[in-house]
K.L.:
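The structure follows.
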Amino acid sequence: MAAQILDGRSLAADLSTELRARIAALRERGVTPRLAIVFVGENESSLAYVRNLVRTGERLGIAVTVDRLDENAGARETRSRLKRLGSDAQTHGVLLQQPLPRHLSIREIADAIPAQKDVDGTHPTNQGHLAFGSGTAYVPATPAAVMLLLERSPHWPLRGRRAAMVGRSVVVGAPVAMLMLAQDATVTILHRESGALQQYLKLSDIVVVAAGVPGLVRGEDLMPGATVIDVGTTIVDGTLKGDVDFDSAVRIAGAITPVPGGVGPVTNVALLRNVVKAAEHAQVAASETPKANAT
Ligand code: NAD
């Protein structure tokens, strides 16, 4: 049977429709959701991602501003910019764009973002909730996109499923593994030192790949009928490639994301959804705060 294509563009369109209604409701109360991005340095592909986010925000009615800092900006300067944006009542979400230049570490900086405005889930408090499965308010965008796509797969709900996560980065692999575990899947985390992947992948109902190695996973590595989510994005000879060899995998998998058109488009909307959620929370909090002169 042909594999189901988990179409990220169509999922992003559905999520956008839902978001537009929530944004319209906020606007009726005089609130425009606003995201402030702090961008350190010149990373071109990261800049392209941010420009795309600004455009998507404009289309939906979310204001996205970008504060650029010099490549050599230090942790202190970056923290103070994040704090300033975080204290602005009109700004609902604050994000420090990654990857950072080598001399900066997200761990030294992320707590400068107020936890309630940390829409990409990098603040230690939100990371802690994610790690312990206690429900962070803001799931980081790419892991959130993976979970939203899994919700559309034949293996949802994940309870009792065997899942393999290839890659263990703080940004993608580790949080996706935690989120799948929180859904009661049995999760194996694989990485550069794991050796042969196939013995693990062959047993897995779900395979999520975020390694940055084009073509790492092939059809013959998979269990027939598996759900395959390809997070990888590498430019090879001017073309965007995933970590999964799509042509061989689509013949074995039961459901699979394409690259491009899979995780990428959902990531943007997942982040903006967190901004809308932050704006809704701020609005509720403001309406519950007693007026200074109230009796
Ligand atoms: P990373 O380099 O920080 O981590 C890669 C991980 O893959 C590491 O844990 C490493 O041990 C593992 N790995 C590398 N080679 C491997 C191999 N041969 N076998 C098994 N494991 C191996 O990368 P990252 O930031 O997690 O990103 C991973 C990929 O996802 C990249 O292609 C990146 O561009 C892409 N990405 C896509 C999105 C999106 O929205 N679509 C967002 C973030 C990252």
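We count ligands from 1, going down the list as the structure has it; atoms in each ligand are counted the same way.
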K.L.:
Nearest protein heavy-atom contact for atom 25 (O) of ligand 1: which residue, which atom, what distance?
P.N.:
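Checking every protein heavy atom, the shortest distance to atom 25 (O) of ligand 1 gives Ser169 OG, 4.0 Å.
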K.L.:
Under 4.0 Å from any heavy atom of Val172, which atoms of ligand 1 are there?
P.N.:
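So the answer, numbered in order with elements, is 26 (O), 43 (C), 44 (C).
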K.L.:
Going through the distances and angles, do Asn43 and Ser45 end up as a side-chain hydrogen bond (donor to acceptor under 3.5 Å, both in side chains)?
P.N.:
CA-CA 6 Å; Asn43 183 315; Ser45 61; 3.2 Å; yes
K.L.:
Backbone N or O of Gly219 within a donor-acceptor pair of the Arg251 side chain at under 3.5 Å?
P.N.:
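No, Arg251 side chain to Gly219 backbone: no donor-acceptor pair under 3.5 Å.
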K.L.:
Any idea which protein heavy atom is nearest atom 40 (O) of ligand 1, and the distance to it?
P.N.:
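For this ligand atom, the closest protein heavy atom is Thr267 OG1, 3.0 Å.
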K.L.:
Go through ligand 1 atom by atom and flag the ones less than 4.0 Å from a non-hydrogen atom of Gly167.
P.N.:
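Answer, ordered by atom number: 6 (C), 7 (O), 9 (O), 12 (C).
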K.L.:
Decide whether the shortest distance between a heavy atom of Ala210 and an atom of ligand 1 is less than 4.0 Å.
P.N.:
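A heavy atom of Ala210 does come that close to ligand 1.
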K.L.:
Return the minimal non-hydrogen interatomic distance between Leu95 and Leu35, and the atom names on each side.
P.N.:
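Heavy atoms only, the tightest pair is CB-CD1, 4.1 Å.
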K.L.:
Does Val171 have a heavy atom less than 4.0 Å from any atom of ligand 1?
P.N.:
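In this structure, Val171 fails to qualify as a contact of ligand 1 - no heavy atom is under 4.0 Å.
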K.L.:
Using a strict cut-off of 4.0 Å, indicate which atoms of ligand 1 neighbour a heavy atom of Val213.
P.N.:
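Matching atoms, with element in brackets: 15 (N).
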K.L.:
Can you figure out which of Gln98, Lys241, His191 has its heavy atom closest to atom 21 (N) of ligand 1?
P.N.:
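When every heavy atom of Gln98, Lys241, His191 is considered, His191 comes closest to atom 21 (N) of ligand 1.
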K.L.:
Return a yes/no value: protein heavy atom under 4.0 Å from atom 2 (O) of ligand 1?
P.N.:
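Flag for atom 2 (O) of ligand 1 set to false, no protein heavy atom closer than 4.0 Å.
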K.L.:
Pick one of side chain, backbone, both or neither for how Thr233 approaches ligand 1, counting any non-hydrogen atom pair under 4.0 Å.
P.N.:
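Near ligand 1, Thr233 shows its backbone as well as its side chain.
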K.L.:
Specify the protein heavy atom at minimum distance from atom 31 (C) of ligand 1: its residue, its atom name, and the distance to 0.1 Å.
P.N.:
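So the nearest neighbour among protein heavy atoms is Gly212 CA, 3.7 Å.
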K.L.:
If you measure from CZ on Phe246 to CD1 on Ile256, what distance do you get to the nearest 0.5 Å?
P.N.:
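Reported to 0.5 Å precision, the distance equals 5.0 Å.
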K.L.:
Students should be able to answer this: which protein heavy-atom is nearest to atom 30 (O) of ligand 1, and at what distance?
P.N.:
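Sorting protein heavy atoms by distance from atom 30 (O) of ligand 1 puts Val231 O, 3.5 Å first.
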K.L.:
Of all the non-hydrogen atoms in the protein, which one sits nearest to atom 8 (C) of ligand 1, and at what distance?
P.N.:
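For atom 8 (C) of ligand 1, the nearest protein heavy atom is Arg168 N, 4.0 Å.
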K.L.:
I'd like to know if the side chain of Asp243 reaches the main chain of Val213, judged simply by a donor and an acceptor atom lying under 3.5 Å from each other, with no hydrogens or angles considered.
P.N.:
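Yes, because the side chain of Asp243 sits within donor-acceptor range (under 3.5 Å) of the backbone of Val213.
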K.L.:
Distance from Thr125 atom OG1 to Ile113 atom CD1, nearest 0.5 Å?
P.N.:
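Taking OG1 in Thr125 and CD1 in Ile113, the distance rounds to 11.5 Å.
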K.L.:
Could Arg68 and Glu42 be called an ion pair, given the rule that one side-chain N must be under 4.0 Å from one carboxylate O?
P.N.:
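Salt bridge flag = yes for Glu42 with Arg68.
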K.L.:
What is the closest protein heavy atom to atom 42 (C) of ligand 1, and at what distance does it sit?
P.N.:
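Going atom by atom, the protein heavy atom closest to atom 42 (C) of ligand 1 ends up being Thr142 OG1, 3.2 Å.
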K.L.:
For a quick test of reading the model, state the closest non-hydrogen atom pair linking His155 to Arg161 and the distance between them.
P.N.:
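Distance-wise, the nearest heavy atoms are O-NE, 3.0 Å.
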K.L.:
Could you report the tightest heavy-atom contact between Leu271 and Asp120, atom names first, then the distance?
P.N.:
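Shortest heavy-atom separation between Leu271 and Asp120 comes out as CD1-OD1, 4.1 Å.
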K.L.:
Atoms of ligand 1 less than 4.0 Å from Leu216 heavy atoms?
P.N.:
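Under 4.0 Å from Leu216, ligand 1 has these atoms: 17 (C), 18 (N), 19 (N).
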K.L.:
Among protein heavy atoms, which lies nearest atom 11 (O) of ligand 1, and at what distance?
P.N.:
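Protein heavy atom with the smallest distance to atom 11 (O) of ligand 1: Arg192 N, 2.9 Å.
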K.L.:
Report, in ascending order of atom number, the atoms of ligand 1 lying under 4.0 Å from any heavy atom of Val166.
P.N.:
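In order of number, 20 (C), 21 (N).
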K.L.:
Examine distances only and state if a side-chain atom of Thr257 and a backbone atom of Asp230 form a donor-acceptor pair shorter than 3.5 Å.
P.N.:
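Yes: the side chain of Thr257 pairs with the backbone of Asp230.
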K.L.:
Quick one: closest heavy-atom pair of Pro33 and Leu26, and the distance?
P.N.:
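Between these two residues, the closest heavy atoms are CG-CD1, 3.8 Å.
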K.L.:
Of the listed options (Ala211, Pro140, Ala145), which comes nearest to atom 5 (C) of ligand 1 when hydrogens are ignored and any heavy atom counts?
P.N.:
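Heavy atom nearest to atom 5 (C) of ligand 1 belongs to Ala211.
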